[in-house]
Protein chains: 2
Amino acid sequence: MERAESPPPGGVRADARRSRARLLEAARTMFASEGVDVSFNEIARRAGVGPATLYRHFPQREDLIAAVVGASLDEVTALAHTLDAELDPAGALSQWVAALVSHIRRVRGLSEEIMRALEVPDSPLAPHCAAALAAAETVLVRAQQAGRAHPEATTDDIVKIATAIAWTGEQSDTTTPATDRLVALVLHGIIGPGETQPLHA
Amino acid sequence: MERAESPPPGGVRADARRSRARLLEAARTMFASEGVDVSFNEIARRAGVGPATLYRHFPQREDLIAAVVGASLDEVTALAHTLDAELDPAGALSQWVAALVSHIRRVRGLSEEIMRALEVPDSPLAPHCAAALAAAETVLVRAQQAGRAHPEATTDDIVKIATAIAWTGEQSDTTTPATDRLVALVLHGIIGPGETQPLHA
DNA sequence: ACCTGAACACCGTTCAAGT
DNA sequence: ACCTGAACACCGTTCAAGT
């Protein structure tokens, strides 16, 4: 979906279009290498535009973040339906959570942005979060109906816990297995009536 | 325990002692109100000393943080033994995790520091984390021996998950019940063989 | 031995001026 | 309509100079 703001009558000027594209490209590469907390001024520098131009196109930092990583978040959302169709209830739920965690982990600092967007609903990232919550409902409800998920768990719980696990070890590039462990542990439950399945999901 | 650095032969000068005390006091109040990410310069200003004096006493930001909140962390550590003596295995484990979460939540930004300290072992906060891990072992092992905790769960898992939950909602002052829910959910397990206990711990 | 305040390079953000 | 570069107030950190 496109920006809701109506473009000027004569259409968007060519230089504006070009600036926006360069900013997005610069942000994409810098987010991927340095994380979401890179200097705003440096993104502008890298894009070859003035700082004010960056602010004109993306008034809030989160606007830029949403423009860059929103689509990637939507991918995970879409994945839920695939998993739901192909796997058993418990499998679909746990695979989806694992996928969500690994997606969030791909950009340093993203977990914090998502957590904020979950709390303040007028964030630019909020629509993508809402979509993810809807996707979570698909897999969660099915697992609950099959008696394979706690009946009181909510989609909010699921997404928050996934985000929190993704945040874990964000400081020092912990390898994926470490967070996989936590996902498995959380999903299988720490205190329970003595199930002894091994932890590797 | 005191700083390992040996004091100068003539003892610590009075003004140095006073500066240190003022810095700690200023940091304590500002950490409590604003969180751990307050401006270093402003702490110095509040303490009535120059910036360089702050750096002299606490070369790394984490040195100051450890000096201010270390003791509070040690309280939770001590609590483990009390709970262990008074409660059943599962109760002691879950109460301790809940206490850990609520302690970390009292200072905004602290969760991030603790997570870092868990990963990089030469952090000034690391000793306090190590103590907490040892305390976790007490309650965890007992719960495991009683068959009330996953046999493959480690103390590292416990403390990391608690820290991650504490981080949850740190952005927007979520009320305690919200994190209590997550603690209960994580402890009881999301996917398990159909236990239907209610979520309020 | 310890403190001070000025200094440096940076940051986020805005504003007047250009085309 | 859009961009520019200078500007402002701030930050973390360091350094020469004081006592």
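Proteins get letters first, then strands, A, B, ... in listed order; numbering begins at 1 in each. Since the model is a prediction, treat every value here as computed from it, not as a measurement.
Side-chain N/O atoms of B/Ser19 include none lying less than 4.0 angstrom from OP1 or OP2 on C/dC2. Applying the 4.0 Å criterion to OP1 and OP2 of C/dC3, one finds that B/His57 has a side-chain N or O inside that range. Applying the 4.0 Å criterion to OP1 and OP2 of D/dC10, one finds that B/Ser39 has every side-chain N and O outside that range. Look at A/Thr53 and you'll find a side-chain N or O under 4.0 angstrom from OP1 or OP2 of D/dT4.
Residue B/Asp15 has its side chain nearest to C/dC2 when only D/dA1, C/dT14, C/dC2 are considered.
To the nearest angstrom, P of C/dG5 lies 16 Å from CZ of B/Arg56. For the pair A/Arg61 CZ and C/dT14 P, the interatomic distance rounds to 14 Å; values are reported in whole Å. Here the P atom of nucleotide D/dC15 and the OH atom of B/Tyr55 are 13 Å apart, to the nearest Å. In this entry the distance linking CZ of B/Arg45 with P of C/dC3 reads 18 Å, nearest Å. Atom CD of B/Glu42 is separated from atom C1' of D/dT13 by 17 Å (rounded to the nearest Å). Distance CG (B/Asn41) to P (C/dG5): 13 Å, rounded to an integer number of Å.
A/Glu42 is not listed as a side-chain neighbour of A/Val38, based on a closest heavy-atom distance of 4.5 Å or more.
For D/dT13, the paired nucleotide is C/dA7, the pair qualifying as Watson-Crick or G-U wobble because both relevant distances are below 3.5 Å. C/dA1: Watson-Crick or G-U partner is D/dT19, with both key distances under 3.5 Å.
Residues B/Tyr55 and B/Phe40 bring their aromatic ring centres within 6.0 Å.
Within a 6.0 Å radius of CZ in B/Arg46, other residues, nucleotides and ligands contribute 12 heavy atoms or fewer.
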